[in-house]
Amino acid sequence: MDSTTSPLWREEVDGDDRILEEPEKASVLRELDAILSSPVFHPSKRCQQFLAYVVHHRLEGNHERLKERTIGVDLFQRPAGYATGDDPIVRVQAGEVRKRLDQYYQANPSTSEVRIELHSGSYTPEFKWTHLGQESPRQPVHELQEAPQRSGHGQESTQVESPPLAETKRASGKHKRLLWVLSVVGLAMLTGLALIGTTIYRARTHQSVLQKFWSPALSSTEPVLICLAKPSVWLPSVELYQRHSKTPEKFLDQFERLSQRPDLQPGDKLVWSDMVEYPDYGLAAGDVYAAIRLSSLFGQIGKKNQVRIGGNYSFADLRSSPAIIIGAFNNRWTMQMTSSLHFAFANEGDQSLIREEGPSGRRWYSKFDTINSRSKEDYALVTRLLDSRTGQFVVLVAGIQSYGTQAAGEFVSSPEYLEAALQKAPPDWERKNMQILLRTPVIDGLPGPPEVVAIYVW
C-alpha cells in the first residue's frame, strides 16, 4: 500500500514561523487554557491532547514535530514507519479539532486578544491577534502657502486660495478615501463570502455522508429508538457491611457503601442473603456516552428520538420503529441479531471476543496491561441492517467492553470518521447491509479515536 498521503493534504509545516515574544506566548497559553476547559473541548480528552500538543510545539519552535507521521507516533502510539495514507487517524482528529475550534469561537467571538486557528491542510496552529492596534496619527493638514504678489496699484498683496477651489480639493480627497474604504470593505465581503461558501460546501459534504448512513431512519415517520440494556446488579447488604466493619460508624451512609468495599478477608464466607438487588443501577458508562451522542445528533438534525432503558422496550417496539441498539454482552438483542453475521460477538471460555465467520476466521480480543490489569485496547462492531429480523432499520453499536461501545458511538455520530471510513466502500453502500469493525486504544481509562480494522458489505 502506498504510505504517502494525498497530494491535496500538505504534511509539511507552513504558516507563520515568527518567534513570539514572551508576553505573546503568555497570551496564547491563556487562550489555550480557556479553550481546553470550555464545554466544547472538555468532553474530548483526545481533542484536548491534540490541540495542546500542536500549540506547545509551535510556541517552542519545534516545527519538525508538527508533521502527520510524527503526531501519529507521539499521540496515537503508531509505529515510526506506519503508512499515513492507509491510516487517517491524525487527519481525522485534526478535522475534529478544527470543528470544535469553530464551535468555540462561535460561542466566544470576542473574549480574548488572540485567536488560535488550525487551517485545513496544516498541523501548525496560527495565532490571530484580535485586539485593534493603535490608529496611525492623522497627518497635519498642510497650510496653503501665501505667495506675495504685487497688485495692479503697486501694492503687495496676498494671494489666498479661493474657498470654492479649497472645497473642491477637500471633496476630491474625501472621494478618494471613500473609494479606498469601499474597496477594502468589498474585498473583505468577497473574502467572507468565499469562506462561507467553503464552510457550507464542507458541511454539505459531511452531512451527505452522515445522511446516507442514517437515511433509512431519517426517512421514517416514526421516532428513532435508542435502546440501552440494564443488567441486574446485586450489591452487599447493609448487614454485611456492618457485620464486617472494624468501626461501628463506618458504612452507615449509602455513599460509603457504594464507593468502598466491605472489610472482608479472603477466607470470609458469604451467603446469598448477604446480597441485595439494586434495580436502579446497572448502566454501563460507555453505553450512556454513546446514547447521549446519538440523541444529540438526531436532535441537531431535527429527527425525533426516544431513549429506552432495560425493560422499557420490547420486540414489538423494535418492529414499529427504526432503532439503535447499544451494548453487546449486556444486551440480548445485539447478541441475537449478530449471531449469524460475518462478524459476531462470542465467548470462548472466560474470554469475550469478536469473531469472523468461517473455520479460518480471525479473532479480536480486548487487551489488558500486564502490570495493573487495566484495559489498554478494545474492539467494537457497528452493524447497519436495512432489513433486520425486526423488519425495521437497525444499527447495532457495541464493544467488547464499555470503551469500545463509547468509541463506536463516537464513530457513527461523526461526519469525519464516517467519511474517512467509507471512502473505499462500494459506491452503493448506503443501499446495503454493513458491518464495521473498530479498534480503540484505551489511555487512562478513556477510549481514544476509533480506527477502522475491517468493513464487510453485503
Side-chain angles (χ1 to χ4, degrees), residues 36 41-53 56 71-80 82 87 89-90 93 229 231-236 240-241 244-246 250-251 255-268 270 275 278 281-290 292 326-331 345-355 362-381 397-411 437-451 453:
L36 298 183
F41 270 80
H42 190 264
S44 175
K45 298 298 182 184
R46 189 56 79 184
C47 284
Q48 290 179 318
Q49 293 171 353
F50 191 101
L51 184 60
Y53 176 95
H56 281 289
I71 296 173
V73 172
D74 290 350
L75 279 184
F76 302 106
Q77 294 78 49
R78 296 297 190 269
Y82 85 101
D87 189 344
I89 183 62
V90 176
Q93 191 62 49
S232 178
V233 175
W234 293 75
L235 298 174
L240 176 67
Y241 275 103
H244 292 274
S245 176
K246 297 178 181 178
K250 191 176 181 182
F251 299 126
F255 175 77
E256 291 182 345
R257 296 195 299 273
L258 292 176
S259 58
Q260 302 178 45
R261 342 181 265 186
D263 298 326
L264 292 171
Q265 301 301 317
D268 291 339
L270 303 179
M275 306 300 293
Y278 280 68
Y281 301 116
L283 292 178
D287 295 12
V288 175
Y289 281 122
I292 291 173
I326 298 176
F329 295 97
N330 62 349
N331 197 317
F345 293 96
N347 289 296
E348 290 182 354
D350 61 349
Q351 284 191 306
S352 300
L353 67 142
I354 297 174
R355 58 108 181 115
R362 294 167 289 178
R363 301 287 191 272
W364 293 271
Y365 304 84
S366 300
K367 296 180 181 179
F368 298 87
D369 193 304
T370 56
I371 298 176
N372 54 28
S373 299
R374 292 181 178 178
S375 179
K376 64 178 183 179
E377 185 176 87
D378 197 14
Y379 289 87
L381 265 182
V397 177
I400 298 177
Q401 299 183 79
S402 178
Y403 308 110
T405 302
Q406 182 175 343
E410 183 178 359
F411 177 84
L437 177 64
L438 302 172
R439 183 189 82 90
T440 179
V442 181
I443 303 172
D444 295 332
L446 293 173
E451 308 159 20
V453 178

Can you name the closest pair of heavy atoms from A398 and A408 and give their distance? N-CB, 4.4 Å
Who are the ring pair (Phe, Tyr, Trp, His ring centres under 6.0 Å) partners of Y289, not counting sequence neighbours? none
Ignoring hydrogens and geometry, is there a side-chain-to-backbone donor-acceptor pair from D369 to R374 under 3.5 Å? no
Once you round to the nearest 0.5 Å, how far does OH of Y53 lie from CD1 of I71? 5.5 Å
List the atom pairs, with distances to 0.1 Å, where a side-chain N or O of residues 441-450 and a protein N or O form a donor-acceptor pair under 3.5 Å, not counting sequence neighbours.
none

Reported CD-to-CG distance for the pair E451 and L437, which is rounded to 0.5 angstrom: 11.0 Å
Taken to the nearest 0.5 Å, the spacing of Q93 CD from L51 CG works out to 10.5 Å
Would you please name every residue forming a ring pair (Phe, Tyr, Trp, His ring centres under 6.0 Å) with Y241, sequence neighbours left out? F251
Which heavy atom in F368 sits nearest to a heavy atom in K376, and how many Å separate them? O-CE, 3.8 Å
Measure from the side-chain N and O atoms of R46 to the backbone N and O of L75, and report whether any donor-acceptor pair falls under 3.5 Å. yes
As an exercise, state the distance from CZ of F345 to CZ of R355, rounded to the nearest 0.5 Å. 11.0 Å
What heavy-atom pair brings F76 and R78 nearest, and what distance separates the two atoms? O-NH1, 2.8 Å
Quick one: does any side-chain atom of E377 pair with a main-chain N or O of S375 as donor and acceptor, under 3.5 Å? no
Measure the spacing between OG of S366 and CD1 of I354 and express it to the nearest 0.5 Å. 8.0 Å
What are the two closest heavy atoms between A328 and G399, and how far apart are they? CB-O, 3.5 Å
Where do S352 and I400 come nearest, in terms of heavy atoms and distance? O-CG2, 3.8 Å
Looking at Q48 and L36, what are the two nearest heavy atoms and their distance? NE2-O, 2.6 Å
From CG (D74) to CZ (F50), nearest 0.5 Å: 11.0 Å
Any side-chain donor-acceptor pair under 3.5 Å between D287 and N330? yes
Check this for me: R363, atom CZ, are more than 12 non-hydrogen atoms of other residues, nucleotides or ligands nearer than 6.0 Å? yes
